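This chain uses plain numbering: 1 for the first residue, then up along the sequence. What's counted below: heavy atoms across the whole structure, side chains too, no hydrogens, waters or symmetry copies. In this text the structure is predicted, and so the values were computed from the model without any measurement.
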Amino acid sequence: MNPYPFKLGQNDGEYSIQADLMDEDIYEVYYTFFQKHKYEGNGYCWEGHIVQILEKTDPELLDQLEFDPEAGAFFAYAESGEAQRKFVEILSPIFSNFELLADYVQAANRSRIDD
């Protein structure tokens with residue numbers, strides 16, 4: 001499975017998930033998308049939306065993730081390769097389908113998005 005827009009890493013038992021929001025390809029597409037929905041689209045914004053998406057799709061997965069976003073990047077760490085794989089299986093198809101992503105973004109509780 002293609003993890004886009006996320007990149008996966010593994011080092012000494014640490015399973016990372018990241019999206020470089022300043023990467024030209026990601027910035028052009030996602031910045032415009034989030035601006036259209038009146039969000040900054042920074043790493044904190046991504047975290048807020050991802051948490052709410054996972055609450056609806058696989059709430060147990062949240063217990064296996066630690067988030068560490070920044071203004072220009074989204075970072076998360078999974079407890080295992082299995083949790084990393086589930087993250088990608090759930091979120092990559094949503095973040096790659098802008099109609100589906102828009103449905104989640106529009107349904108999100110804005111007060112829970114640190115934008």
**Fill in**
Exactly one candidate in F33, F34, F95 meets ring pair (Phe, Tyr, Trp, His ring centres under 6.0 Å) with H49; the answer is F34
**Prompt:** Aromatic rings F6 and F74: how do their planes relate, parallel, tilted or perpendicular, breaks at 30° and 60°?
**Reply:** perpendicular
**Request:** Enter the distance from I94:CD1 to I53:CD1 here, rounded to the nearest 0.5 Å.
**Result:** 5.0 Å
**Request:** Could you tell me whether the side chain of F67 reaches within less than 4.5 Å of the side chain of V51, counting heavy atoms only?
**Result:** yes
**Asked** Can you tell me if D20 uses its side chain to pair, donor with acceptor, with the backbone of A73 under 3.5 Å?
**Response** no
**Within 45° cone and under 6.0 Å: R110 NZ/CZ vs Y39 ring** = yes
**Prompt:** Which atom pair, heavy atoms only, marks the closest approach of P5 to A19?
**Reply:** O-CB, 3.7 Å
**Asked** Y15 versus E82: any side-chain heavy-atom pair under 4.5 Å?
**Response** no
**4.5 Å side-chain heavy-atom contact, E70 and F75** = yes
**Asked** Which pair of non-hydrogen atoms, one from G48 and one from I113, has the smallest distance, and what is that distance?
**Response** C-CD1, 3.4 Å
**Request:** Please round to the nearest 0.5 Å and tell me the distance separating atom CD1 of I90 and atom CG of D58.
**Result:** 4.0 Å
**Asked** What pair of heavy atoms forms the shortest contact from K56 to Y104, and how long is it?
**Response** CD-CE2, 4.1 Å
**Asked** Under 4.5 Å between any side-chain heavy atoms of V88 and K86, yes or no?
**Response** no
**Request:** Would you indicate whether K38, at its atom NZ, is surrounded by more than 12 heavy atoms from other residues, nucleotides or ligands within a distance under 6.0 Å?
**Result:** no
**Message:** Does any part of the side chain of Y77, heavy atoms only, come nearer than 4.5 Å to the side chain of D68, both counted from C-beta?
**Reply:** yes
**Item:** Test item: N97 side-chain N/O and L100 main-chain N/O as donor-acceptor pair under 3.5 Å
**Value:** yes
**Fill in**
CG (D115) and CH2 (W46) are apart, to the nearest 0.5 Å, by 13.0 Å
**Prompt:** Would you say V29 and D25 make side-chain contact, with heavy atoms under 4.5 Å?
**Reply:** no
**Note, E55 side chain near R112 side chain (heavy atom, < 4.5 Å)** = yes
**Item:** CD on Q10 to OG on S80, rounded to 0.5 Å
**Value:** 10.5 Å
**Message:** Does F87 form a side chain to side chain contact (heavy atoms under 4.5 Å, CB included) with I50? I'd like the steps, not just the answer.
**Reply:** CA-CA 10 Å; F87 180 98; I50 287 169; 3.8 Å; yes
**Prompt:** Sub-3.5 Å donor-acceptor pair from the side chain of Y30 to the main-chain atoms of N42, do we have one?
**Reply:** no
**Request:** Look up atom CD in Q84 and atom CD1 in I17, then write down how far apart they are to the nearest 0.5 Å.
**Result:** 5.5 Å
**Asked** How long is the span from the CD atom in E89 to the OG1 atom in T57, to the nearest 0.5 Å?
**Response** 11.5 Å
**Item:** Pairwise side-chain contact, Y4 with S92, heavy-atom cut-off 4.5 Å (strictly under)
**Value:** no
**Message:** Main chain of N109, side chain of Q52: is a donor-acceptor contact present, judged purely on distance under 3.5 Å?
**Reply:** yes
**Request:** Might you point out which heavy atoms bring Y44 and A71 nearest each other, and give the distance in Å?
**Result:** CE1-N, 3.6 Å
